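Presented below is the structure to which this report refers.
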Amino acid sequence: MDKSMLGDIDNLPDEDKMRMSAMIEQLQMRDSLRMYNALVETCFKDCVDTFRRKTLDKQEESCVRRCAEKFLKHSMRVGMRFAELNQGVATPD
Amino acid sequence: MDKSMLGDIDNLPDEDKMRMSAMIEQLQMRDSLRMYNALVETCFKDCVDTFRRKTLDKQEESCVRRCAEKFLKHSMRVGMRFAELNQGVATPD
Amino acid sequence: MDKSMLGDIDNLPDEDKMRMSAMIEQLQMRDSLRMYNALVETCFKDCVDTFRRKTLDKQEESCVRRCAEKFLKHSMRVGMRFAELNQGVATPD
Amino acid sequence: MAAAKDVQRELEKEMMFGMAEKEMEYRVELFNRLTHVCFEKCIEKRHKEAELNMGENSCIDRCVSKYWQVTNIVGGMLGTQQTQM
Amino acid sequence: MAAAKDVQRELEKEMMFGMAEKEMEYRVELFNRLTHVCFEKCIEKRHKEAELNMGENSCIDRCVSKYWQVTNIVGGMLGTQQTQM
Amino acid sequence: MAAAKDVQRELEKEMMFGMAEKEMEYRVELFNRLTHVCFEKCIEKRHKEAELNMGENSCIDRCVSKYWQVTNIVGGMLGTQQTQM
């Protein structure tokens, strides 16, 4: 698995660069939508367990809000660490 | 996340309408095939737990049949409720 | 679900055959990359449970190696059995 | 020059189709996750019956409704945080 | 008019490729789910050995065979219910 | 003949874009699985707080680092076994 595959992107003709960046933009949109779906499923599973009413009670709703905030912070932190590792930055134990 | 994205589909030229409906048809095919896969996995997991023979015993087979029927009814009901919510129909508690 | 869909691939013009095999090659690449991802996740889940250090200890590392080997052998065996069933080969109980 | 403009227009159209496709994929995935989670939360696993009983039916309705609410809450949070999602 | 027909034919070809692609994706997904489920059901989780033992090997064979049977049963049910799947 | 060559070149370009797309999809999937697993392993499920506490933060850092190591170990094994992956 090497990273060189996209290395020569700068040498592509303009038309292909545009196509490439359109593709990246679309993958990013798909990625955010998937993240949104994953976040909702995770927090629903963690916070909602009773089905006696069809609306969330206060406790469930605040659990969902805290869960979503934590998920976003978590996923930003994972993203930072992941980027460091991708760039070969060493970090203390 | 707004629904307007596809709102002006009627204003597209005929060729694009055809492409759009071809795309929708393909996504629907993928969707049914995924549902089929998900149904099989769910009912296999719920009903099959012993591996002393290579064919399902009577009990496992009827569990699978009931599970599949329930899954289909379940997923139809979810679809109906989902569609109502998408259209903003209020339902009693 | 019948297999005939791709049955007349031999009758396609050369250009389409090339497109078809390019498509198959791409799906195979996606498939291997997904398998790689699934293997890593499975073995990480099974083998790593403590997070007091940021590097794997000896025990975790050898668990991961054994798990990965088993996963590959497992998936080859599943592939063989799956292919037999796809071709309608009967096997003893 | 006309050709460059054609390419540009072609790309924009591809982009529009691609985005519409991603949007539909999102809805399908939402529906699939919802179906899966509510099956897990509401349906008795031994499958003694082929029919959904009354308890299961109302559990499904409430499960879908609560899931929908969670989607909206999270969507609101993402909207204010990132101004765009 | 010839152009419209070309567009039509081009679309039909796209459709054929798209459907073939979906069909292959389905098979790959089936194989992946099957592999995952049988790994969970048959393989001892502590991974003390790098080899599959006899019990695991025969469990895998039976697991694949039973999964295949479930696929066929469900396929039959969908076929009669919806006449097409 | 020139046309056949054009088709050939067009296909090669499609192939290049397709492979680049698969490669990016792989990275996105890796990131998503990693995020999901580390959330499960590190984050307290009752969600009493909206902040990550110190224990959770360092757990995340170590989880990502260990996951990365597993990726490399497995990548190495696949590389030597299959010479190509």
Side-chain angles (χ1 to χ4, degrees), chain A residues 9 12-80, chain D residues 3-38 40-43 55-82 84-85:
Chain A
I9 192 171
L12 292 176
D14 276 1
E15 189 199 325
D16 289 347
K17 268 188 218 163
M18 278 162 62
R19 273 189 64 189
M20 188 63 89
S21 67
M23 187 181 84
I24 291 174
E25 205 177 316
Q26 286 188 35
L27 287 174
Q28 281 170 340
M29 182 184 171
R30 181 160 69 183
D31 189 30
S32 340
L33 291 173
R34 279 198 185 154
M35 202 272 274
Y36 181 33
N37 264 324
L39 198 171
V40 169
E41 186 184 335
T42 301
C43 295
F44 182 84
K45 275 185 175 171
D46 281 4
C47 297
V48 185
D49 257 321
T50 62
F51 298 97
R52 282 185 296 272
R53 301 182 61 228
K54 73 165 186 137
T55 46
L56 299 170
D57 60 38
K58 282 274 160 267
Q59 211 182 335
E60 288 169 331
E61 187 177 333
S62 54
C63 177
V64 165
R65 288 186 185 280
R66 287 191 299 255
C67 174
E69 271 204 48
K70 275 171 93 173
F71 191 99
L72 292 171
K73 283 167 190 157
H74 167 76
S75 122
M76 264 167 47
R77 189 167 187 112
V78 170
M80 273 164 43
Chain D
K5 212 163 170 192
D6 275 8
V7 166
Q8 176 74 31
R9 208 183 304 137
E10 194 47 50
L11 258 173
E12 275 167 20
K13 205 186 270 183
E14 283 309 317
M15 198 68 186
M16 192 197 72
F17 276 106
M19 289 302 185
E21 193 183 33
K22 266 63 186 171
E23 171 81 10
M24 283 186 248
E25 281 179 4
Y26 158 73
R27 288 180 192 287
V28 168
E29 199 195 321
L30 167 57
F31 179 74
N32 290 344
R33 284 177 185 260
L34 166 58
T35 305
H36 182 252
V37 172
C38 293
E40 266 191 354
K41 298 245 185 207
C42 294
I43 309 298
E56 288 169 331
N57 271 330
S58 62
C59 180
I60 294 169
D61 295 352
R62 290 163 187 166
C63 183
V64 174
S65 164
K66 284 190 168 187
Y67 198 93
W68 183 260
Q69 251 189 294
V70 174
T71 304
N72 288 335
I73 291 173
V74 171
M77 288 172 71
L78 290 171
T80 49
Q81 262 212 340
Q82 311 184 345
Q84 179 240 26
M85 164 84 197

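Each chain gets a letter, A, B and so on, in the order the sequences are listed, and its residues count up from 1. Model, not experiment: these values are computed from the prediction.
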### Message
Is D:L11 in contact with chain A via its backbone, its side chain, both, or neither, using a 4.5 Å heavy-atom distance?
### Response
side chain

### Query
Checking D:V37 against chain A: side chain, backbone, both or neither under 4.5 Å from a heavy atom?
side chain

### Query
Side chains of D:K66 and A:T50: closer than 4.5 Å at any heavy-atom pair?
yes

### Query
With a 4.5 angstrom heavy-atom cut-off, which part of A:L56 approaches chain D: side chain, backbone, both or neither?
both

### Proximity breakdown for D:E29 and chain A, heavy-atom pairs closer than 4.5 Å
both

### Query
D:D61: what forms a side chain to side chain donor-acceptor pair (under 3.5 Å) with it, not counting sequence neighbours?
B:R77, B:R81

### A:V48, part contacting chain D, at a heavy-atom distance under 4.5 Å
both

### Query
Partners of A:H74 by ring pair (Phe, Tyr, Trp, His ring centres under 6.0 Å), sequence neighbours excluded?
F:F39

#### Entry: Which portion of A:E60 sits near chain D, non-hydrogen atoms under 4.5 angstrom
side chain

### Task
Indicate yes or no: at least one non-hydrogen side-chain atom of A:R19 is less than 4.5 angstrom from one of D:E14.
no

### Message
What part of D:E40 gets within 4.5 angstrom of chain A, counting heavy atoms only: side chain, backbone, both, or neither?
### Response
side chain

### Message
Counting heavy-atom pairs closer than 4.5 Å to chain A, which one of D:I60, D:V74, D:L34 comes out on top?
### Response
D:V74

### Task
Using the disulfide (SG to SG under 2.5 Å) rule, take A:C63 and A:C43 through it: C-alpha gap first, then chi angles, then the decisive distance, then the call.
CA-CA 8 Å; A:C63 177; A:C43 295; over 6 Å; no

#### Entry: pair check: D:C59 + D:C42, SG-SG < 2.5 Å
yes

### Query
If you measure from the Lys or Arg side-chain nitrogens to the Asp or Glu carboxylate oxygens, is any gap between A:R65 and A:E61 under 4.0 Å?
yes

### Task
Return the option, out of A:M23, A:M18, A:E25, A:E41, with the maximum number of heavy-atom pairs under 4.5 Å with chain D.
A:E41

